[in-house]
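The block underneath contains the structure these notes are about, expressed in structure tokens.
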Amino acid sequence: MNTAVIGYPRIGKDRELKFASEKFFKGEIGEDQLQSAAASIRKENWLKQKDEGITYISSNDFSFYDNVLDTAFLFNIIPQRYKDLNLSSLETYFAMARGYQGAKGNVKALAMKKWFNTNYHYLVPQIDDDAKISLTGSKPVDEYLEAKAYGVETKPALVGPFTFLKLAKFTGTKTVSDVYQILTGEYIKLVSALASKGAEFIEFDEPYLVRDLSSDDIDLFKKIYTSILSNKNGVKILLQTYFGDVRDIYDVIIALDFDAIGLDFIEGRKTAQLIKDNGFPEEKILFAGVINGKNIWRNNYKTTLSVLKDIDADNVVVNTSCSLLHVPYTLKSETKLKEEYRKHFAFAEEKLSELNEISKLIVKDFTSEEAYVKNQELFEKRADAEDKAVQERVAAITDADYVRLPSFEEREKIQKETFKLPKFPTTTIGSFPQTADVRKNRLAFRKGEISKEEYDEFNKKKIAECIKLQEQIGLDVLVHGEFERNDMVEYFGENLNGYVFTEKAWVQSYGTRNVKPPIIWGDVSRRSAITVEWSKYAQSLTDKPVKGMLTGPVTILNWSFPREDISIKESILQIALAIRDEVLDLEANGIKIIQIDEAALREKLPLRKSDWYSEYLDFAIPAFRLVHSKVKPETQIHTHMCYSEFTDIIPAIDAMDADVITFEASRSDLQILDSLKENNFKTEVGPGVYDIHSPRVPSVDEIVNALTNMRKKIDDSKLWVNPDCGLKTRGDEETKASLINLVKAASIIRG
Ligand code: GLN
Ligand code: ZN
């Protein structure tokens, strides 16, 4: 059986691309050196896949920043403001990705959004009315030829025109219907250019097909591909989908003249059924996505082989479920991971071996094959992953555990009485600047250069300074500053049982930014109090309330590699119980306001609306309530979200039953406020009054203005005043100046 890979990680196994790009940005290396770093990564990736015997290897899966941006660039969809800078081609590309500030001008970057249900971000193509869509680039052709020169025949992978147009933002009067024919024509030119260089197969990635599609969408897709498929120039076309099933359009795509269709059997709950019900055309090849491109666990060959055997298609290729971009490079880089853990994981490189093994096993009577037997041993009970006590606790959860009493309205009264805060109370989101001294202290401790006592002493000093600063500035609800935390998920993971950590398992989040998600290995519980000492200490220094600061269960789970042997729901509940222990400990230790951050709650919202509640919110929201339901009426629960796009799920957010929610609003058009009003949102709100993602200090007027607008939509008794996210990436100076202005603005409004 043949094998295929949709895409390979491209940051380099030691993050070479990140480091080379950053040097290039600083002017420390030239374009040549950056290009050669990129070329080595591509070469290594191709040869690795070739060595593993992968049949269909992708090219054009590399990107300096993002492959949606690459596509815009390829077709000259470059807004005028970037062209006006008169930069080199690569610099123009980076200006679109990161913005440009320098001798030639000052322009903002394109908007960035999360790529479907992943933590990867793409740049949103901007199609202006004067866009001259035209195939001006040659990246797919160049990379195809580059691979060929190494003796690797590849399938150029393209972001398909349908997905591209659906993700693009139209800024003028033109819409999709005005441009799709032109764009399709340019794709056809690209197909022909690739054909002339000898490409046999071209992959069109169309993940948008797994979303809910309207009849207009289906129409558009048909028109685009009818045209492309009648101009194939002898090349075979693979339609590649991922992140779900294509239930709305399966009948259409199998009727079109595609030579191959890639379907996702991991996230596509209905994929197998669609094939059973509708059949799969015998002249087409089915690329079966059975190797999970998003998680790091070894594949269970028993399940996979049975899925493959069940498929009623003549020609099946074993494929990854999506690009391997979403998993780390290789287990080989993990020097500290013990064999008993390691053998359970497969990063990108190990997934290549899995594809290879499965392709060989399927054609045999595999049950006695060594590879199969060894694989199955991994799926016997992992005794050390099990914790009976945790399982019993989860089983004992009752409906009442999800309900906080008394009702929000009564609590609101009690809390106004308890805290006697001024109108429009001022606060921050939690972290204060993680300046060089803070990071140096942590690094010294990690390297064993200073003792735990010295490490703690330093952080205490920082906390004391932070409290003093906030009192001087005149904030109403204080924070301790989070100096002891590296990352809001890793910090908790390190203090919970059931977690495993890696050294170099980096995954691209956007551009040169990578994340290293921890792995949930087993049942999760709290070893001992995590944040209590810090919060207690901070509270001891002031009469004003200091917020306890925690990360919520949904975010902890969403930013980790989850288990596959138990359900996501079960894992979230375990984490919720652990965080609940922390909440109750904070309360018992005199902390009166506790913030539980859910920065990533929206991230895993299913792609299909019909799944939003049943597949996610129905357990994610109660899990949050489970965390705080047992606190006293006068204890005030805050939550925070780093975005404001929850217009569609406002009732669910209200049902978290927090007392206060802070969120990002400064960069959005405040449309969310209308929706809050329409939905009678009960929770008190702190829509961020300034953007912390920039070092700019907002003026008092600006903040007064923002608040004035907010007051039109939000009742005065419910409005809080705060920045839009944590301050950890900011410097001391600008933070102080900004907060002084924030407090001034609040007092002007009060007056
Ligand atoms: N409390 C966290 C902080 O202030 C929240 C971070 C976040 O929302 N990403 O840093
Ligand atoms: Zn935030």
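No hydrogens, no waters, no symmetry mates; every other heavy atom, side chains included, goes into these values. In listed order, ligands and their atoms are each counted from 1.
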- Task: Applying side chain to side chain contact (heavy atoms under 4.5 Å, CB included) between Asn119 and each of His326, Gln508, Glu603, report the one that passes.
- Result: Glu603
- Message: Please determine whether any non-hydrogen atom of His640 lies less than 4.0 Å from an atom of ligand 1.
- Response: yes
- Identity and distance of the protein heavy atom lying nearest atom 6 (C) of ligand 1: Met488 SD, 3.5 Å
- Is the shortest side-chain N to carboxylate O distance from Glu457 to Lys461 below 4.0 Å? no
- Message: Is the contact between Lys728 and ligand 1 made by the side chain, the backbone, both, or neither, using heavy atoms and a 4.0 Å cut-off?
- Response: neither
- Message: Are Phe116 and Phe243, when compared by the centres of their aromatic rings, separated by less than 6.0 Å?
- Response: yes
- Query: Which residue supplies the protein heavy atom nearest to atom 8 (O) of ligand 1, what is that atom called, and how far is it?
  - Reply: Cys642 SG, 2.8 Å
- Message: Show the nearest heavy-atom pair for residues Ala529 and Asp585, with the distance to one decimal.
- Response: CB-OD2, 4.0 Å
- Query: Ion pair present between Asp487 and Lys516, side-chain N to carboxylate O less than 4.0 angstrom?
  - Reply: no
- Query: What is the closest protein heavy atom to atom 3 (C) of ligand 1, and at what distance does it sit?
  - Reply: Ser431 OG, 3.3 Å
- Message: Nearest 10°: the angle subtended at the Zn ion (ligand 2) by Cys642 SG and Cys725 SG?
- Response: 120°
- Message: Check Asp476 with Arg750, please: is the shortest side-chain N to carboxylate O separation under 4.0 Å?
- Response: yes
- Query: Should the pair Glu494-Arg446 be classified as a salt bridge under the 4.0 Å nitrogen-to-oxygen rule?
  - Reply: yes
- Task: Please report which non-hydrogen protein atom sits nearest to atom 5 (C) of ligand 1, along with the residue it belongs to and the distance in Å to one decimal place.
- Result: Asp597 OD2, 3.3 Å
- In ligand 1, the atoms that come under 4.0 Å of a heavy atom of Gly430 are 4 (O)
- Message: Closer than 4.0 Å to some heavy atom of Met549 - which atoms of ligand 1 meet that?
- Response: 1 (N)
- Message: Out of all atoms in ligand 1, which are within 4.0 Å of some heavy atom of Gly726? Include the element for each.
- Response: 3 (C), 4 (O), 10 (O)
